[in-house]
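Being a predicted model, the structure only gives us computed values, none of them experimental. In what follows, every heavy atom counts, from backbone to side chain, and hydrogens, waters and symmetry copies are set aside.
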Amino acid sequence: MNSAPATALPRPSAASRSAARTGHTPQLRPDRIHVTGGTPLTGEVTLRGAKNLVPKAMVAALLGSSPSRLRNVPRISDVRIVTGLLEAHGVTVRTGDVVDELVLDPASVDAADHAEIAAHAGESRIPILLCGPLLHRNGHAFIPDLGGCRIGDRPIDFHLDALRAFGAVVDKRADGLHIEAPQRLRGTKITLPYPSVGSTEQVLLTAVLAEGVTELRNAATEPEIVDLIAVLQKMGAIISVLDNRVIHITGVDRLEGYSHRALPDRLEAASWACAALATGGDILVRGAQQGSMMTFLNVFRRVGGAFEVDDVQSDPGIRFWHPGGALKALALETDVHPGFQTDWQQPLVVALTQAQGLSIVHETVYEKRLGFTSALISMGAQVQLYRECLGGTPCRFGQRNFMHSAVISGPTKLHAAELQIPDLRAGFSYLIAALAAQGTSTVHGISLISRGYEDFADKLAALGARFEFGENLTD
């Protein structure tokens, strides 16, 4: 599908195009929120598509020779960012027949202005995933410095090594990475040193149109990966998921567009569950699915939370609540799926500050993810970080001087504080802590939360939370 790049014509800015065509207009609110705690969260919220699937499915539309339709799309900033990136490359993005549907037409894919790509790169790590599709469509791709949450070392070496294995040529220049495909990419054998989600996505998005068969070993197998495979299969890809984290992809000559409903966001569901636990509340999460959350549900029950799965009604979900009494301390280790997800760890740690006894959390996925606990300590929590691998088997961070294990002593009363959000999941966790604390906390940098949580302020209001944006403090 390689072709000579067309001359990029002047276009309106990506931000204005994405707002006009998708309806995902940024909310012009102060980047801080005042939260008054002490009130249990009660009520219900509804999930849309997973933040860790929808942007990648949007990228997959680049591979098709006809338009794609993606439903259950959340109103989050990551979707707006990817919309701008796709439009910068000539993809037409518009709302579909319903409000949560996007139609993506890649008929006019062409070269993009480097400055416009760079304008998005500081906000998202998605640009690296455009490489494979753009190499197939245009024969080249440009990737500036990547952004994303600063939760540890997230090198793109895995991505670049994979692209080189397919036959791409990577040229590192001062303005970023210039990647070329002198000829059609070829299938290859790749073994990832770690089952990285992003690297697995890179291989899938590149291998489906590469010549021959690709064998990927030590692949990530998260539900969002499986859903991306379902998207690609609908487009005409041939992908087999085998035992022991092995995936075989047989390249095809042509892919069509897809029609797909994104799976619901299990990570957001867990965040609301932890909010119910930490505040002594009762929250029904519409759209939450038991199958993708079994590991979390086991831990939620072990710590003393209660849940009820409703998969009979037309609008299924899971109700999470604090049944009363003392929460129980536990030992926990994060891991890749099907282990306890690292994105579940931070909101759960807030709840563990209210558990009786000593809890141990061993973070094995991102070496700096426990750094967010310094804010909890400022609120009165008793948390001690360690370099050693506590409560589990030794991990890849054990000999590298990272504070990646935590001991949480509880229960402790949390009090209000001034908080600065460092990353997406920590940001929502700070909101939970503020809602569980006595007094009024000010949380800065809340725009980061909008990367992965749709309409989080409206949902908080529906659950009875007391907060106000900016300077005004009202219930």
- Run the numbers on Arg94 and Val103 for side chain to side chain contact (heavy atoms under 4.5 Å, CB included), then give the verdict. CA-CA 5 Å; Arg94 63 176 178 83; Val103 180; 3.8 Å; yes
- Less than 4.5 Å apart, any side-chain heavy atom of Tyr453 and any of Asp265? no
- Could you note down all residue pairs passing salt bridge (Lys or Arg N to Asp or Glu O under 4.0 Å) where residues 193-205 supplies at least one of them, sequence neighbours left out? Lys56-Glu201
- Item | Student check: side-chain heavy atoms of Phe158 and Pro193 closer than 4.5 Å | yes
- For the residue pair Leu284 and Asp310, establish whether any side-chain heavy-atom pair is separated by less than 4.5 Å. no
- Query: Stepwise, does the side chain to side chain contact (heavy atoms under 4.5 Å, CB included) test hold for Ile229 with Ile247?
  - Reply: CA-CA 10 Å; Ile229 290 173; Ile247 300 176; 4.3 Å; yes
- Listed by chain and number, what are the side-chain contact (heavy atoms from CB on, under 4.5 Å) partners of Arg396, not counting sequence neighbours? Tyr194
- Could you check if a side-chain atom of Val35 sits within less than 4.5 angstrom of a side-chain atom of Arg466, using non-hydrogen atoms only? no
- Task: Check Thr214 against Ala207 and note the closest heavy-atom contact, atom names and distance.
- Result: OG1-CB, 3.5 Å
- Test side-chain contact (heavy atoms from CB on, under 4.5 Å) applied to Arg301 - qualifying residues, sequence neighbours left out: Phe307
- Heavy-atom side-chain contact between Ile225 and Leu204 under 4.5 Å: yes
- Item | Carboxylate-amine/guanidinium contact Asp423 Arg451, below 4.0 Å | no
- Query: Counting only N and O atoms by type, is there a donor-acceptor contact under 3.5 Å from the side chain of Ser271 to the main-chain atoms of Leu267?
  - Reply: yes
- Inter- and intrachain pairs under side-chain hydrogen bond (donor to acceptor under 3.5 Å, both in side chains), touching residues 371-394, at least two apart: Arg387-Asn401
- Query: Do Thr279 side-chain atoms and Leu41 backbone N/O form a donor-acceptor pair below 3.5 Å?
  - Reply: yes
- Item | Asp311 side chain vs Pro316 backbone, donor-acceptor pair below 3.5 Å | no
- Residue pairs passing the salt bridge (Lys or Arg N to Asp or Glu O under 4.0 Å) test where at least one lies in residues 402-417, sequence neighbours excluded: none
- side chain to side chain contact (heavy atoms under 4.5 Å, CB included) between Val226 and Val241, intermediate numbers included: CA-CA 9 Å; Val226 175; Val241 181; 5.9 Å; no
- Query: Side chain of Ser292, backbone of Pro223: donor and acceptor closer than 3.5 Å?
  - Reply: no
- Item | Contact list for residues 318-339, test side-chain hydrogen bond (donor to acceptor under 3.5 Å, both in side chains), sequence neighbours left out | Asp282-Arg319, Glu333-His362, Thr334-Glu363
- Okay, side chain of Thr200, backbone of Ala220: is any donor-acceptor separation there less than 3.5 Å? yes
- Residues at least two apart in sequence or cross-chain that pass side chain to side chain donor-acceptor pair (under 3.5 Å) with Ser447, listed by chain then number, are Asp31
- Query: Are Cys131 and Ile128 close enough that some pair of their side-chain heavy atoms sits under 4.5 Å apart?
  - Reply: yes
- Provide the closest heavy-atom pair for Leu277 versus Ala351 in the form atom of the first, atom of the second, distance. CD2-CB, 3.9 Å
- Query: Between the main-chain N or O of Asp315 and the side-chain N or O of Arg286, is there a donor-acceptor pair closer than 3.5 Å?
  - Reply: yes
- Message: I'd like to know if the side chain of Glu454 reaches the main chain of Arg75, judged simply by a donor and an acceptor atom lying under 3.5 Å from each other, with no hydrogens or angles considered.
- Response: yes
- Message: Please check if the number of heavy atoms outside Asn244 that lie under 6.0 Å from its CG is greater than 12.
- Response: no
Just list the side-chain donor-acceptor pairs under 3.5 Å for residues 427-438, sequence neighbours left out, or say none.
unit_1, atom_1, unit_2, atom_2, d
Ser429, OG, Arg425, O, 2.8
Tyr430, OH, Phe372, O, 2.9

- Got a sec, which residues hit ring-ring contact (aromatic ring centres under 6.0 Å, His included) with Phe296, two or more places apart in sequence or on another chain? Phe300, Trp344
- With sequence neighbours left out, what residues match Glu224 under side chain to side chain donor-acceptor pair (under 3.5 Å)? Arg266
- State which residues pass side-chain contact (heavy atoms from CB on, under 4.5 Å) with Gln420; sequence neighbours excluded, sorted by chain then number. His444
- Query: How long is the span from the OG atom in Ser409 to the CG atom in Leu352, to the nearest 0.5 Å?
  - Reply: 11.5 Å
- Under the side chain to side chain contact (heavy atoms under 4.5 Å, CB included) rule, what do Leu177 and Leu160 come out as? Steps first, then yes or no, please. CA-CA 10 Å; Leu177 299 174; Leu160 300 182; 3.8 Å; yes
- Message: Can you confirm whether Val79 sits close enough to Val73 that some side-chain heavy atom of one is under 4.5 Å from a side-chain heavy atom of the other?
- Response: yes
- Message: Whether Glu268 and Lys51 form a salt bridge (side-chain N of Lys/Arg under 4.0 Å from carboxylate O of Asp/Glu) is what I want to check.
- Response: no
- Task: Quick one: list whatever passes side-chain contact (heavy atoms from CB on, under 4.5 Å) with Ala61, sequence neighbours left out.
- Result: Ser68, Leu104, Tyr258
- Message: Any heavy-atom pair between the side chains of His404 and Cys389 that's under 4.5 Å?
- Response: yes
